Amino acid sequence: MKEILVIILSAVLVENFVLVKFLGICPFLGVSKRLSTALGMSGAVIFVMTITSVVTWAVYRYFLVPLGLEYLETIAFILVIAALVQFVETVLKKTVPPLYRALGIYLPLITTNCAVLGVALLNIQKYNVFEKLSLAKSTLYGFGASLGFSMALVIFSGVRERMEKADIPEALKGFPIALIAAGLVSMSFFGFQGLFR
Amino acid sequence: MLTEVIVAVAVLGGMGLLFGLGLAYTSRRFAVEAEERVAMIRQVLPGANCGACGLSGCDAFAEAVAAGKCPVDGCPVGGQKTATEIARILGVESKDVKRLVARVKCAGGNSRCGTKYKYNGIASCRAAASLYGGQKSCFYGCLGLGDCVRACQFEAIKIIDGVAVVDENKCTSCGKCVKACPKNLIELIPESCRFTVYCSSLDRGALVRKICSVGCIGCRLCVRSCPRKAISMVKEVLARIDPDLCDNCGECEKVCPTHSIRCSDTLALENKSQAG
């Protein structure tokens, strides 16, 4: 139980994908303008990242390792993620149309989200370090990472909604101030370093 | 060495093939019966995504029309042509759509209507209007700072001599400018009605005469001259032509002492020569 908590908390706080590892900055800045879009994107990311960590784990363990093709992991994972997202989209469209509509454009956008590829690759790194990280733990880590992504997105959308009304110097309006604010939020997350030893 | 390459290529290629086949299968298996008509309707729409229909864009409109939630003539930009096409696709009758055009009901340009003060603020009618109703002497007049020009996606509006003028050929009656004007000067009027009172002033005639040379002074000559009784008075001071009754006889233009009633055709010609 304690281990589960540690994995989730470290993925969410200590190794926050956006604010500490700087992965997935594009959607982080792109869809954080409003809370509603941020929530939509978060839902899609949680969904895809969790499934991705399961599938890529299986592909790596049962496909690449036995064939001695570990060096192809990146390209193989890109292939897997792209196909997976497409698959999920098709299935969702048919089976759960409300969810499909809620996720909307964000679902296909995730295909090229580097945080998703990052979760797959980091899982494999951990797999090699921790002597065959189990599927359950990989999945948990992927889920935790996506939660961290969502949290960063939601927090930052709150920041940006407030910035709309702030009196910002002309030269910094728009993206510059967003990047500065992102840096500040990120710095606060570095405070979680060393939470677990 | 070579075997490694072949294995790598074979594995990745195999995976790609596998996923491709899988996706092909799922797309067949989970195919959603897409409304064929939606795509067809989408094709005949103008595709400007201007939102004049009240929906978020042409795609949304196409879906709504196919679902029967929107009338076939709901797209003001496409007008009659699009409505007929959509009606053909859906197999229903379309009513004749009257083409509307936006008209700015003010002709008091800089040479005809003076100013209260010198406005040096940001170039926006909305901003100017918040300062004592704008710099124009006439409270109801066009401020000529181009909020409507910026709102128009079709480049149909120009500022000529400090007054916004709509090019009726380019106007699609999307209504964006109507919303943008802080003075509510712009109205969508059926194109068939060629005569319009180019004044919105609700001031008394004496005051209008003092500040503007082309304002409606509420003399009622036009009301009396109109053979079809299409002209009425708004609040007793401003003439208004009912476009449904007007048959474009032109009597009102002839009798109007201040020339605030004009035919849009001659006005367009004048503006063309003025804009050079």
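Keep in mind that this is a model prediction, so the values were computed, not measured. Throughout, a chain's letter reflects where its sequence line sits, starting with A, and its residues are numbered from 1.
Judged by the 6.0 Å distance and 45° axis criteria, A/R160 is positioned over the aromatic ring of A/F175. A cation-pi contact, defined as under 6.0 Å to the ring centre and within 45° of the axis, links B/K183 to B/F139.
Atom NZ of B/K81 is surrounded by 12 or fewer heavy atoms from other residues, nucleotides or ligands within 6.0 Å.
Taken to the nearest 0.5 Å, the CG atom of A/L64 stands 8.0 Å off from the CD atom of A/E73.
Using a 4.5 Å cut-off between heavy atoms, A/V59 contacts chain B through its side chain alone, with no backbone atom that close. Both the backbone and the side chain of A/L79 come within contact range of chain B, with heavy atoms under 4.5 Å apart. Only the side chain of B/L23 comes within less than 4.5 Å of a heavy atom in chain A; its backbone stays farther off.
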